[in-house]
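Below, each value reflects all heavy atoms present in this structure, side chains not excepted, and no hydrogens, waters or symmetry copies. All values reported here derive from a predicted model rather than from experimental measurement. Lettering follows sequence order; numbering is per chain, from 1.
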Amino acid sequence: MRFSKMLLPTYKEDPAEAEAISHKLMIRAGLVRQLAAGLYIYLPLGLRVLKKVNAIIREEMNAIGGQEIIMPVLHPAEIWQQSGRWYDIGDEMFRLQDRTKRDMVLGMTHEEVVAWLASREIRSYRDLPQIWYQIQTKLRDEARPKGGVLRTREFLMKDSYSLDLDPEGLNLSYNLHYDAYCKIFHRCGVKYYAVESDPGMMGGAGAHEFMALSPAGEDEVSLCGNCGYAANVELANSQPPLVSSPAWNFEEVATPESRTIEEVCAYLKIDPRLTIKSLLLMAKDGPIMALVRGDQKLHEKKFRRLVGEFRPAHQEEVKEHAGVEAGFLGPVGLAPGRNLPLIADVSLKQGIFVAGANREGYHIRGVVPGEHFAAKFADIHVAMSGDACPSCNSPLKVEKAIEIGNIFKLGTKYSLPLKALYLDRQGQEKPIVMGSYGIGPARIIAAAIEQSFDQDGIIFPLSLTPFDVHLLPVNLKQENVQQEAEKFYQKLSEADISALFDDRAEAPGVKFKDADLIGIPLRLTISAKTLKEHMVEIKIRQTGEVHLVKLDQALSWVQNWINFHTKK
RNA sequence: CGGGGCGUAGCGCAGCCUGGUAGCGCACCUGCCUUGGGCGCAGGGGGUCGGAGGUUCAAAUCCUCUCGCCCCGACCA
């Protein structure tokens, strides 16, 4: 492709609206342009990268027996009403009516359509198992699109669905996907972790997320460098490091005007880890007190799994149920008749603490959980870096990550309501057991860039690069430079090596800067300087290495380099 | 949806506080020049200041409403 003819607008400066590295670079290098919040145009260069990703996905999906189909973006509301998600999902679903006032949905995912199709076309156990997939547009009315292509309202997704006879079959399909996903992300040159995840609204028996580490990520994963434990912090268990407590006696201490943990610690000159944070929460069965150590945070999702929906109590409710103002709340010495259920974090199992005294202006020192109050113990804190790994006790690291893929065991959540049934060997009607599996190609691109760039621009992995070679003649007005560049461009094309040929009349500096910004793995510079010696210069973007290669050997040099670095 | 920020030329920004009829850099066009790291010189085109309403002799500037975009949080099959 000739640069002079290509829609490839590059920017010298960072766009004002971009924060994430990948977002800045994708705009500057001319991969994408934003139409509106969460809506992106892929320019020719960006589309080339996207197609590379999709080709890898297709190869690996086909390799596990996946069959590609395309389902509509526009769905009749009925199937979503049958699955119940018409009612469960709120504003995130785009809804509209057709001209006859029939309710319609813009698909945010395709479980319903797959179950509908299976209900018609799968009849016998002989028809199973099946894996169907598509690479297709999804629409979600996101509350807050962000991070460039990382979270958008319209995006491409590879979604696949497995249909099996029984849970054992599902396990096999699930594992096939797990392995295929590992291959896909590896081939795309992305560093990732497969972590256990919360099945959430998808329901079902198990789930993993594939997480690419990046500061631009919206998720956090808890990682153990020792045993390989990896989990989304939404589920991650951990043991916060213990602190040895002073041999306090059980006594009330005055803490005037000290309400927050910070204030109390400053006043008493103690470590926050020696305090108990008491939170009054309103659950559906009434008020509950949650206790976490002063340095810890309550994990709302973990807590919700224990007690169902809840919300923090209002000021007046604290007063009503605990008989004291927020700030002096504690598990010990609640007034008679005010027996609140207590749920305490596991980090409070051992130790002697300071807690609110349920009396204005006072705290109690020397509180021993289990002795001075009875509570149900559970892991309800947010895992933090430095906590001990739940399986090997080594220190954990918590890092930000981009969710590039996920896999779910659905079970019969969709097949039952949509009547996706089959007849087994005994002629019995059984529900198909389903799994659902997603990959965000745009997120792979963003993650690859987040993990591979420098101050000059993108450093594309060979597997995703829009072109293999950046052919850069320094001065086309010099006849030999022009001739050799054209000749070499021709040779590359005959050898089926894709090249971006910078045939512009720009100054050398401009061309070099653009080459670095776009980040194609190999740059071939053709100039009078090296042509005198019948040489061309080959620069490797990744390492910065520069090789001078004989003109007539340059093509095979490039071919060898590409073959050697291609991931299988 | 709560909190914060920003909308002025294609891009990045100044001007706004203290109203007086819009400016800088890059990009773009023409000519000359230059060709190993975002060349040089000369000439030129382009905005009515997100939108609406108001105050005023006069509004990019002050006031009200509104729309859009970004960030933090909530939310996130």
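Summary of the strand contacts: L517(A) and E218(A) both lie near RNA chain B, and taking for each the nucleotide with the nearest heavy atom, the more 5' one is attributed to L517(A). Between D14(A) and A18(A), the one whose closest nucleotide on RNA chain B sits nearer the 5' end is D14(A).
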Could you walk me through whether E537(A) and T530(A) pass side chain to side chain donor-acceptor pair (under 3.5 Å), step by step? CA-CA 7 Å; E537(A) 176 194 288; T530(A) 57; over 6 Å; no

Under the side-chain contact (heavy atoms from CB on, under 4.5 Å) criterion, do E111(A) and L418(A) qualify, and how do the steps go? CA-CA 10 Å; E111(A) 282 78 13; L418(A) 283 142; over 6 Å; no

Check the pair K400(A), E218(A) against side-chain contact (heavy atoms from CB on, under 4.5 Å), reporting the backbone distance first and the verdict last. CA-CA 7 Å; K400(A) 293 220 163 197; E218(A) 299 180 87; over 6 Å; no

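U18(B) sits 22 Å from C13(B) when the C1' atoms are compared, rounded to a whole Å. As rounded to the nearest Å, C49(B) and U21(B) have P atoms that lie 15 Å from one another. Rounded to the nearest Å, the gap between the P atom of C26(B) and that of G19(B) is 33 Å. If you take atom P in G2(B) and the same atom in U66(B), they sit 12 Å apart, rounded to whole Å. When the P atom is used for both G12(B) and A58(B), the distance is 35 Å, rounded to whole Å. U56(B) and G46(B) are spaced 31 Å apart, taking the C1' atom of each and rounding to whole Å. Comparing the same atom, C1', in G53(B) and in C67(B) gives a spacing of 14 Å after rounding to whole Å. Nucleotides G15(B) and C75(B) have their P atoms positioned 39 Å apart, rounded to a whole Å.
Rounded to an integer number of Å, the gap from CG of L472(A) to C1' of U35(B) is 12 Å. Atom-to-atom, NZ of K12(A) to C1' of C28(B) comes out at 13 Å; the value is rounded to the nearest Å. As rounded to whole Å, 15 Å separates atom C1' of C76(B) from atom CG of L139(A). For the pair K297(A) NZ and G73(B) P, the computed distance is 10 Å after rounding to whole Å. Note: CD (E19(A)) to P (C71(B)) measures 6 Å, nearest angstrom. Straight-line distance from the NZ atom of K513(A) to the C1' atom of A27(B): 17 Å, rounded to whole Å. The interatomic distance linking L35(A) (CG) with G68(B) (P) rounds to 14 Å, in whole Å. Summarising the geometry, the separation between CD on E142(A) and P on C76(B) is reported as 10 Å, rounded to the nearest angstrom.
For Q34(A), taking side-chain heavy atoms from C-beta onward, the closest of the listed nucleotides C69(B), C75(B), G38(B) is C69(B). Counting only heavy atoms from C-beta on, E13(A) has its side chain closest to G12(B) among G38(B), G36(B), G12(B). Comparing C39(B), C28(B), C76(B) against the side chain of E92(A) picks out C76(B) as the nearest. Side-chain proximity of A37(A) to C69(B), G38(B), C28(B): nearest is C69(B). The listed nucleotides are U35(B), G38(B), C69(B); the one nearest the side chain of E17(A) is C69(B). Taking every side-chain heavy atom of P15(A) into account, G12(B) is the closest of G36(B), G38(B), G12(B). For K146(A), the side-chain atoms get nearest to G73(B) when compared with the rest of C69(B), G12(B), G73(B). Nearest to the side chain of R28(A), among G38(B), C75(B), G36(B), sits G38(B).
A donor and an acceptor atom, one from each side chain of D179(A) and H177(A), are nowhere located under 3.5 Å apart.
If you check A22(B) for Watson-Crick or wobble pairing at under 3.5 angstrom, you find it has no partner at all. Under the Watson-Crick or G-U wobble criterion, with both distances below 3.5 Å, G7(B) is paired with C67(B). Using Watson-Crick or G-U wobble geometry with both donor-acceptor distances under 3.5 Å, G40(B) finds its partner in C32(B). Of the nucleotides present, none pairs with C16(B) by Watson-Crick or G-U wobble criteria with both distances under 3.5 Å. G73(B): Watson-Crick or G-U partner is C1(B), with both key distances under 3.5 Å.
Remark: the R523(A) side chain and the G37(B) base include a donor-acceptor N/O pair separated by less than 3.5 Å. Counting distance only, with no hydrogens placed and no angle test, the side-chain atoms of S527(A) and the base atoms of G36(B) include a donor-acceptor pair under 3.5 Å. At a cut-off of 3.5 angstrom, counting only N and O atoms as typed in the model, there is no donor on one side facing an acceptor on the other between the side-chain of N475(A) and the base of G36(B). Remark: the E537(A) side chain and the G36(B) base include a donor-acceptor N/O pair separated by less than 3.5 Å. For a distance-only test at 3.5 Å, the side chain of R144(A) fails to qualify as a donor-acceptor partner of the base of C75(B). For K477(A) against U34(B), a side-chain N or O and a base N or O form a donor-acceptor pair under 3.5 Å.
At a threshold of 4.0 angstrom between heavy atoms, the contacts of S83(A) with the nucleic acid are absent. Nucleic acid contact class of A36(A) (heavy atoms, under 4.0 Å, all strands): sugar-phosphate only. Backbone-only engagement by G147(A) is indicated by non-hydrogen atom pairs under 4.0 Å involving sugar-phosphate atoms exclusively. Within the nucleic acid shown, A16(A) comes within 4.0 Å of sugar-phosphate atoms alone, with no base atom in reach, counting heavy atoms only. Contact annotation for D516(A): base contact, defined as any heavy-atom pair under 4.0 Å involving a base atom.
Ring orientation note: the planes of F210(A) and F185(A) are tilted relative to one another, at an angle of 30° to 60°. In this pair, Y437(A) and Y174(A) present their aromatic rings tilted. The plane angle is within the 30 to 60° band.
Cation-pi contact between R28(A) and Y11(A): absent, since separation from the ring centre below 6.0 Å together with deviation from the ring axis within 45° is not met. The cationic atom of R95(A) (NZ for Lys, CZ for Arg) does not lie both less than 6.0 Å from the six-membered ring centre of W80(A) and within 45° of the ring axis.
Screening residues 514-548 of chain A for ring pair (Phe, Tyr, Trp, His ring centres under 6.0 Å) gives H547(A)-W557(A) as the qualifying pairs, with residues at least two apart or on separate chains.
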